[in-house]
Amino acid sequence: MMYDVNSVREDFPILARQIYGKPLVYLDNGATTQKPRCVVEAMVDEYYNVNANVHRGVHFLSQQATDLHEASRETVRRFINARSVNEIVFTRGTTESINLLAFSFGELMVKEGDEIVVSAMEHHSNIVPWQMMCARKGAVLKVIPMTDEGELQLDEYVKLLNAKTRLVCCTHVSNVLGTVNPVKELIRVAHAHGVPVLIDGAQSTPHFAVDMQDLDCDFFAFSGHKLYGPTGIGVLYGKEEWLDRLPPYQGGGEMIKNVSFDLTTYNELPYKFEAGTPDYIASHALAKAIDYLTGLGMDNVFRHEQDLTRYAMERMQDEVEGMRIFGPAEHHDAVISFLVRDIHHLDMGTLLDRLGIAVRTGHHCAEPLMHRLGIEGTVRASFGLYNTRQEVDALVEGIKRVAQMF
Ligand code: PMP
């Protein structure tokens, strides 16, 4: 199938906006993506025509809302090729998914002196929940180091695994460097040591197909809003045998089977981990976003974004004097972090904004990675399925213009 980016763009009303009188060039997709009409319309339609609280309702609307919510769980299952819908827990997003796991896994599995392995390029949301859990349990955080090029050092990783290691937590794709980590290999090695693995899929799921059964990870977290879906919804995937054993994270309605003041029993999977009214509007809209993506074809999306990334990296490197791009040359996803000479990232970002070009600047919630690179921050351009080569041209010309001002 031919990928027609111009017709794709028509599905996203916001892309027609002008910023300071210039066409919007939205290159902040790593932070959040824009929403296609079908996603927003699904939310409006459900609020207007279906809205009722899900589960336990005998009335028509409640059952219809429940059906939509549970059909969405099946859509997510298919999207990541999980074995069962029991393995799909709806959360508020990647951050909540990881906090859920850090609490529940910590309660069951971690004791004083145990070790949790994370990588040098994690987002704060895959560091801080583990630090908090380690502090509670007297456990220790170990870090997989990385090369100057931004690739994990697998030889050092293997040395970190020992009888005290309880869990390995690693991002699939770095939100700063764009590095696509060899997670399948990381998982294989961890399993050989009897250690389960959590993969942070916040930056992989929007860009290429993921397959839980092929990866064989034990846990996987991602966010709806980075996937062209709404804010406030995300997923924690967990192998059923793990989720069965882990204790609940939050208590309340939905997650119980029976409650008495003497004894409360918990609901079956996945409801055991879904206390309170779920965001059933958002789950339905997330399923619409997934349908939209799979309709375009994840392979087409991947090829299109890889083309943009290669084209941008080449032009930036060749044409901008003093350009420093972070991250590896190979296995590089649709995120480009850069600095030009000694121009401050905030100045670059602010001036690009004046040209209608939206990029992100700063530490990108990865301060330990910034320390490792010996910098305070970068400018980050991140691509989505609706970006074009013309927008890359605008970015490169914009960077050149800003560079001339300094
Ligand atoms: N992990 C990575 C790699 C991310 O890029 C992000 C978002 N920037 C998160 C986790 C957190 O996602 P959320 O804010 O949607 O919970």
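Both ligands and their constituent atoms are indexed starting at 1 by order of listing. Counting begins at 1 with the first residue of the sequence. Note that this is a predicted model, so its numbers are computed, not measured.
Considering only non-hydrogen protein atoms, atom 14 (O) of ligand 1 sits nearest to T95 OG1, 3.7 Å. Regarding atom 5 (O) of ligand 1, its nearest protein heavy-atom neighbour is Q203 NE2, 2.7 Å. In this structure, the protein non-hydrogen atom closest to atom 4 (C) of ligand 1 is H123 CD2, 3.4 Å.
With distances taken over non-hydrogen atoms, the option nearest atom 2 (C) of ligand 1 out of I127, N175, D200 is D200. When T32, T94, V176 are checked for heavy-atom proximity to atom 12 (O) of ligand 1, T94 turns out nearest.
Judged by distance alone, the side chain of T91 and the main-chain N or O of E96 form no donor-acceptor pair under 3.5 Å. Put simply, the side chain of N300 gets close to the backbone of L296: a donor and an acceptor are under 3.5 Å apart.
Applying the side-chain contact (heavy atoms from CB on, under 4.5 Å) rule to A287 yields the partners S72, T75; only residues at least two apart in sequence or on another chain are considered.
Ligand 1 lies nowhere less than 4.0 angstrom from a heavy atom belonging to R92. Taking 4.0 Å as the cut-off, S125 counts as a neighbour of ligand 1 on heavy-atom distance. Put simply, part of K226 is less than 4.0 Å from ligand 1, judged by heavy atoms. The closest approach between T171 and ligand 1 falls below 4.0 Å for a heavy atom of the residue.
Annotation: H172 is not in aromatic contact with H207 [ring centroid separation under 6.0 Å not met]. When ring centroids are compared, F273 and F103 stay outside the 6.0 Å threshold.
Here the options are N6, N29, D11, the test is side-chain hydrogen bond (donor to acceptor under 3.5 Å, both in side chains), and the partner is Y386; only N29 passes.
In terms of polar-atom proximity, defined here as any N/O pair under 3.5 Å, E96 makes no such contact with ligand 1.
Using a 4.0 Å cut-off to heavy atoms of S223, the atoms of ligand 1 that qualify are 12 (O), 13 (P), 15 (O), 16 (O).
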Exercise. Assess whether side chain to side chain contact (heavy atoms under 4.5 Å, CB included) is satisfied between R17 and Y26, documenting all intermediate values.
Key: CA-CA 10 Å; R17 270 203 70 173; Y26 186 78; over 6 Å; no

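Judged by distance alone, the side chains of Y280 and N53 never bring a donor and an acceptor atom under 3.5 Å apart.
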